[in-house]
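Heads up: the structure comes next, in structure tokens.
Just so it is clear, the values below take in all heavy atoms, side chains as well, and ignore hydrogens, waters and symmetry mates. Quick caveat, the model's predicted, so the values are computed rather than measured.
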Amino acid sequence: MREIDSIRIDPTIKKLLSYATSEEKVDAEYKKYTCLPNRKLYSAQVNGEIVSCIGVEFHNSKEVVIKHISVLPKERGSGIGSSMIRFICKEYNLNSISAETDKDAVMFYSNFGFHVTSLGEKYPGVERFLCVFEVK
């Protein structure tokens, strides 16, 4: 895992972030990682190629919210997403890590061990979920 702090966005990171947020918001979200002290963005590589990223926001020294997590389609299902979460938990010695997500990602978080709660229909026709993992 490597922290990303370059002002210029790598095309692969831009693509990965576009999976986790709308394309119109990618540049603004990326800028938050380079400008805000409570935001960190990391990437993981396979054979020298960036294949995933995880972006987190610190609420305090022991609680983090996953703002973005994404793995290139060809690498999904290989454990990279889970390893990124484990890295963040260990690197920062967290008590808890949480994420808000949609129906498509609920199984990923649930399989990792997150407690999943429906937040209902936050946007018209879109159910959102709060996923919380208490680090042991």
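- The distance from the CG atom of Leu16 to the CD1 atom of Ile69 is 11.0 Å, given to the nearest 0.5 Å.
- When side chains are defined from C-beta on, Val135 does not count as touching Ser96, because their heavy atoms never get closer than 4.5 Å.
- Using a 4.0 Å cut-off between charged side-chain N and carboxylate O, Glu3 and Lys40 make a salt bridge.
- Counted within 6.0 Å of CD on Glu23, heavy atoms from surrounding residues, nucleotides or ligands total 12 or fewer; the atom is thus considered open.
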side-chain contact (heavy atoms from CB on, under 4.5 Å) between Ile66 and Ile85, worked out: CA-CA 9 Å; Ile66 297 171; Ile85 293 172; 4.0 Å; yes
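- Taking the ring centroids of Tyr109 and Phe133, they lie at or beyond the 6.0 Å cut-off.
- Atom NZ of Lys62 has more than 12 neighbouring heavy atoms from other residues, nucleotides or ligands inside a 6.0 Å radius.
- Residues Glu75 and Ser52 have side chains that never bring a donor and an acceptor to within less than 3.5 angstrom of each other.
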Please evaluate residues Thr117 and Phe129 with respect to the criterion side-chain contact (heavy atoms from CB on, under 4.5 Å), reporting the C-alpha separation (whole Å), side-chain torsions for both, the decisive distance (0.1 Å), and the verdict. CA-CA 6 Å; Thr117 307; Phe129 299 86; over 6 Å; no
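- Checked for salt-bridge contact, Glu100 and Lys122 meet the test: a charged N lies under 4.0 Å from a carboxylate O.
- Checking side-chain atoms of Thr34 against main-chain N and O of Lys31 turns up a donor-acceptor pair under 3.5 Å.
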Evaluation steps, side-chain contact (heavy atoms from CB on, under 4.5 Å), between Val56 and Phe58: CA-CA 7 Å; Val56 294; Phe58 292 83; 4.0 Å; yes
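- Both tests pass for Arg76 against the ring of Tyr19: distance under 6.0 Å to the centre and angle within 45° of the axis.
- Side-chain N or O atoms of Ser18 include one that pairs as donor or acceptor with a backbone N or O of Lys15 at under 3.5 Å.
- Remark: Pro11 engages no residue in a side chain to side chain contact (heavy atoms under 4.5 Å, CB included) (not counting sequence neighbours).
- A salt bridge does not link Arg86 to Glu91: none of the charged side-chain nitrogens sits closer than 4.0 Å to a carboxylate oxygen.
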